[in-house]
Engineer: 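Please read through the structure below; I'll follow up with questions.
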Amino acid sequence: MEKRYQPQKLENKISKLWVSKKTFSYKRDKNKKPFSIIMPPPNANAPLHIGHAMFIALEDIMTRFNRMKGQVCLWLPGADHAGILTQVVFEKKLASKGKTRFDLGRSEFYRQCYSFTQKNKKLMYDQLKKIGGSANFAKEKFTLDPKISQEVLKSFMALYKDKLAYRGDRLVNWCPRCMTALSDLEVEHLEVKTKLWFIKYPLKTHSQITGETRFLVVATTRPETLLGDTALAVNRKDQRYQMFINQKAILPLVNRLIPIIADKAVDMEFGTGVIKVTPAHDPTDWEMGQRHKLKKISVLGFNNRMTKKAGKEYEGLKKNEARRRIVELLNRQNLLIKVRNYNHSVGHCERCKTIVEPLISKQWFLKTNKRIKLKSKSLEQKLGRKQVSLKEMGILAVKKKHLKILPHRFKINYLNWMRNLHDWCISRQLWWGQQMPIYYCGSKGLSPLQKQMNPKLAKVEPGCGTVIVSLTKPKACPKCRKRKSIIQDPDVFDTWFSSAQWPYTSLGFPNSHDYKYFYPTSVMETGYEILNIWVARMIMMGLYRTKKVPFKTVYLHGLVKDAFGEKMSKSKGNVINPLEVIAKHGADALRMALVVGATPGNDISIGEEKIKGYRNFTNKVWNIGRFINLNLKSTKKNIPLFSKNLKGLTKEDKLIIKKLEQLIKETTLNLETYKFSLAGEAIYHFLWHELADKYLEYSKERLNKKDVVVLAVLSHLYLNSLKLLHPFMPFVTEAVWQEMPEIKEKVLASSSWPK
RNA sequence: GGGUGAGUAGCUCAGUUGGCUAGAGCAUCCGGUUUACAUCCGGAAGGUCACAGGUUCGAGUCCUGUCUCACCCACCA
């Protein structure tokens with residue numbers, strides 16, 4: 001054995017050893033307990049970062065631990081096509097070559113994107129192995145694998161049949177850069193410095209009613225949407241404005257008559273207490289529009305330019321140009337009273353940071369509050385109802401404790417989100433993703449937006465517009481029998497619609513042996529930041545499709561921050577690259593640094609110093625082995641087999657043997673209750689400060705006297721603590737185990753958990 | 001606006017159902033050691049556990065209030 005543990009030399013060898021011995025494969029066995037983790041599939045558009053390294057370490061610990069305990073373990077790795085993000089990333093790559101996706105065309109773009117993600121996927125898996133992940137790579141899955149996509153499409157068909165999927169004209173979040181609709185969760189609210197414009201709206205009404213007042217003043221941050229105003233609104237309780245309710249105002253610049261309505265959404269405290277209502281461009285106004293049956297006039301288009309409906313003098317102007325012109329005109333007509341600086345939060349596209357526009361668009365949605373029959377006795381029993389909505393499924397499953405969320409406090413967060421859940425927009429105007437299994441008879445079925453974005457499709461004969469939901473392209477329209485006019489909806493699914501189904505699609509639902517054996521999975525280990533966008537939806541979709549919860553426990557980890565507790569970012573230059581760390585200090589050191597000191601749901605800080613500390617520990621582990629090894633080899637006597645009744649055990653021996661027993665108990669309990677940090681810390685302390693610093697020093701004297709009992713005790717203590725440490729530091733423990741002479745065979749099988 | 005978490009040694013953080021003489025790593029200081037390891041060993045110093053009340057034989061831990069920070073959610077123009 002070398003004087004020092006050298007991870008660079010040994011880690012690759014050990015990886016190969018594991019592969020050749022098929023250490024991570026399994027045989028399904030009905031008499032054994034299954035343990036399964038579906039890995040949150042990393043996005044196949046970038047290398048893994050330190051956050052990935054942490055979840056790999058945690059999931060690997062759980063998997064190795066349960067494997068050693070004798071359970072049949074599957075840790076299933078995968079990669080996510082990550083729809084919108086990959087498209088953004090790949091378009092940037094194209095842009096650097098001066099190209100756009102339109103230069104390639106849809107099918108070529110898809111092809112190149114596909115090979116891009118496949119390359120990334122391979123890279124990712126290599127990294128995963130370097131981190132020591134004992135995942136089952138033979139079973140690896142990609143979200144766009146044909147079988148998986150098929151299952152996603154089938155889910156949509158089932159939802160459609162249950163009338164939970166519908167197409168409708170609604171106000172959606174529109175990203176004018178990505179040119180697609182977004183769900184509420186893909187919108188990030190950021191504080192923006194802007195202005196509040198106070199605008200006069202003249203009154204049409206006679207002065208008998210309104211007295212001397214000739215106009216109402218509105219405070220707005222969006223003067224350009226004024227062109228689409230279809231009402232003014234006040235609060236019914238507002239004494240100042242009661243006489244104006246049901247009167248008419250004249251829309252400035254446009255001179256359209258608009259009603260003055262009373263609505264509870266108006267906050268009397270804000271601005272002047274009067275608001276302009278633009279149902280086509282604001283969510284609050286949209287809802288008011290629904291309540292009061294107001295007209296919706298879309299004055300801003302999908303390209304961020306003013307539409308025809310905005311009027312000739314504005315059509316084609318960019319949003320900001322229109323704003324400038326309108327403010328100027330209002331000012332000239334003495335309708336602008338004042339302008340105030342104002343900060344408020346505005347929705348941005350999570351992926352490209354462009355300001356999103358609420359626009360009316362025809363999209364596909366999932367209805368989250370419509371009750372359906374469950375058609376499963378066991379699920380009916382579990383949820384205590386026969387008819388349940390998607391939303392209620394998610395709520396009841398957690399409330400009735402069919403799955404556990406760790407740490408518990410995130411349950412509140414989850415339930416709050418679930419209760420406020422709106423319908424989910426699942427169609428995206430992207431090229432990268434699963435194209436929706438929807439066909440139309442002729443271009444009549446396309447929305448105006450789709451026609452605008454897909455000129456070729458728009459040219460197809462109009463047809464009868466019938467909607468056909470089908471896995472394959474229908475040969476003819478079932479209604480009008482036309483054959484040539486069938487076209488597929490150009491939109492793709494929200495990437496999260498496919499991820500929401502990952503636990504069962506990746507296992508081969510509905511018929512595979514793995515699905516039947518491993519589902520529901522044991523643990524979903526992921527970051528708290530995607531509890532709603534991902535975990536909540538997996539629970540809903542899992543219950544809907546499989547009639548079972550997709551996992552029994554949700555374990556949420558925190559963010560990895562730098563040594564000073566600051567968020568890592570490229571611009572700050574404090575990013576730690578896991579591969580560089582591994583090259584320098586080894587994977588074990590990195591893993592330990594990421595796990596010890598971290599508690600569920602809380603962020604963890606790590607810096608190079610911490611990693612170095614654990615690098616030192618790997619060396620300590622190695623050297624304890626080296627010491628024992630040297631002594632074993634230099635002894636000519638037979639070494640007795642260790643047992644608690646071994647003759648010649650001293651007080652010191654008995655004490656530390658007891659400590660080891662305690663450590664085993666404690667570690668087992670800690671790992672079973674997801675207290676990885678405490679477990680790791682205790683093993684670290686035992687090996688270094690109990691075994692190495694104290695007992696090993698004490699043993700030297702006895703070894704000089706050729707005492708073989710102490711050697712048996714040393715080996716026993718060491719080999720068993722190696723096992724405890726193995727899930728945390730698989731490489732060094734394996735390396736040193738390989739170096740130990742036959743005695744290890746006598747201790748216990750290497751792959752078993754000590755008792 | 002609503003919610004959650006954090007505030008413990010110079011720094012980064014643990015502290016499981018109240019039993020603690022409050023711990024770890026790094027940093028600091030003193031000393032040692034070269035046949036397991038200098039990626040080492042022994043030792044020291046360092047804390048009114050944010051603040052103010054309360055419950056209790058006993059509170060870092062439970063309750064109430066206050067302050068500071070972070071994060072999440074939300075249609076306040």
Side-chain angles (χ1 to χ4, degrees), chain A residues 1-6 171 184-185 187-189 194 196-197 218-223 225 233 265-278 281-288 342 344-345 347 358 407 409-417 419-420 422 528-529 531-532 558-559 561-567 585-586 589 592-593 596-599 601-631 634 666 669-670 673-675 677-678 680-682 684-685 688-689 692-694 696-697 699-700 714:
Chain A
M1 283 174 85
E2 307 238 10
K3 219 172 163 182
R4 288 180 189 175
Y5 173 61
Q6 284 163 296
L171 198 69
D184 295 344
L185 284 173
V187 176
E188 193 180 2
H189 290 89
T194 178
L196 201 53
W197 285 270
V218 164
T220 181
T221 55
R222 301 288 312 266
T225 63
V266 183
D267 179 355
M268 304 192 296
E269 309 291 317
F270 186 90
T272 59
V274 186
I275 66 170
K276 61 195 266 313
V277 185
T278 325
H281 296 288
D282 183 276
T284 313
D285 296 6
W286 166 267
E287 293 197 350
M288 269 193 262
Y342 184 65
H344 72 144
S345 73
R409 63 185 143 93
F410 280 97
K411 202 168 143 176
I412 300 168
N413 179 327
Y414 169 88
L415 288 173
N416 275 342
W417 183 79
R419 289 189 187 114
N420 295 324
H422 299 290
Y528 63 74
E529 74 278 8
L531 175 63
N532 296 333
L559 253 50
K561 299 191 167 170
D562 77 1
F564 307 100
E566 295 282 324
K567 218 172 170 175
H585 305 302
M592 256 326 237
V596 176
T599 43
N602 288 326
D603 299 343
I604 181 176
S605 306
I606 80 163
E608 187 156 6
E609 289 309 312
K610 186 173 182 187
I611 298 162
K612 267 190 196 167
Y614 288 108
R615 188 263 330 253
N616 296 352
F617 178 56
T618 52
N619 191 52
K620 178 58 80 174
V621 172
W622 174 263
N623 269 290
I624 302 168
R626 182 160 176 253
F627 176 82
I628 295 172
N629 208 357
L630 288 173
N631 281 288
S634 64
E666 195 185 317
L669 184 70
N670 278 333
T673 51
Y674 306 94
K675 287 164 189 159
S677 174
L678 286 179
E681 210 180 348
Y684 172 95
H685 184 262
W688 197 323
H689 302 302
D693 289 351
K694 289 184 192 150
L696 191 143
E697 289 304 321
S699 75
K700 283 180 180 171
L714 264 178

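Below, all heavy atoms of this structure are taken into account, side chains as well, without hydrogens, waters or symmetry copies.
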Engineer: Which whole-number value in Å describes the distance from A/I275 CD1 to B/A77 C1'?
Structural biologist: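 That distance rounds to 6 Å.
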Engineer: Across the strands shown, which category fits A/D282 at heavy-atom distances under 4.0 angstrom: base, sugar-phosphate, nothing?
Structural biologist: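 Result for A/D282 = nothing.
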Engineer: Starting from C1' on B/C76, measure out to NE2 on A/H281 and report it in whole angstrom.
Structural biologist: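 So the NE2-C1' distance, A/H281 to B/C76, works out to 19 Å.
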Engineer: Could you tell me whether the side chain of A/K610 has a donor or acceptor atom within less than 3.5 Å of a complementary atom in the base of B/U12?
Structural biologist: no
Engineer: Between A/I604 (CD1) and B/G5 (C1'), how many Å, whole number?
Structural biologist: 16 Å
Engineer: Between the base of B/C37 and the side chain of A/K3, is there a donor-acceptor distance below 3.5 Å?
Structural biologist: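 Side chain to base: no pair present.
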Engineer: In the strands shown, is B/U66 matched to any nucleotide by a Watson-Crick or G-U wobble pair with both distances under 3.5 Å, and which?
Structural biologist: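 Paired with B/U66, as far as the under-3.5 Å criterion goes, is B/A50.
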Engineer: On the side chain of A/E566, is there an atom forming a donor-acceptor pair with the base of B/A70 - under 3.5 Å, no angle test?
Structural biologist: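 Per atom types, no contact qualifies.
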Engineer: On RNA chain B, does the nearest nucleotide to A/K620 precede the nearest nucleotide to A/K567 from the 5' side, or the other way round? Give the residue.
Structural biologist: A/K620
Engineer: Taking the nucleotide of RNA chain B with the nearest heavy atom to each, does A/R409 or A/L696 sit closer to the 5' end?
Structural biologist: A/R409
Engineer: Applying side-chain contact (heavy atoms from CB on, under 4.5 Å) between A/N619 and each of A/R626, A/R4, A/Q6, report the one that passes.
Structural biologist: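 Checked A/R626, A/R4, A/Q6 against A/N619; only one passes side-chain contact (heavy atoms from CB on, under 4.5 Å): A/R4.
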Engineer: Categorize A/T599 for me: base, sugar-phosphate, or nothing, with a 4.0 angstrom heavy-atom threshold over every strand shown.
Structural biologist: sugar-phosphate
Engineer: Answer with base, sugar-phosphate or nothing: what part of the nucleic acid does A/Y614 contact at a heavy-atom distance below 4.0 Å?
Structural biologist: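 A/Y614: no heavy atom of the nucleic acid under 4.0 Å.
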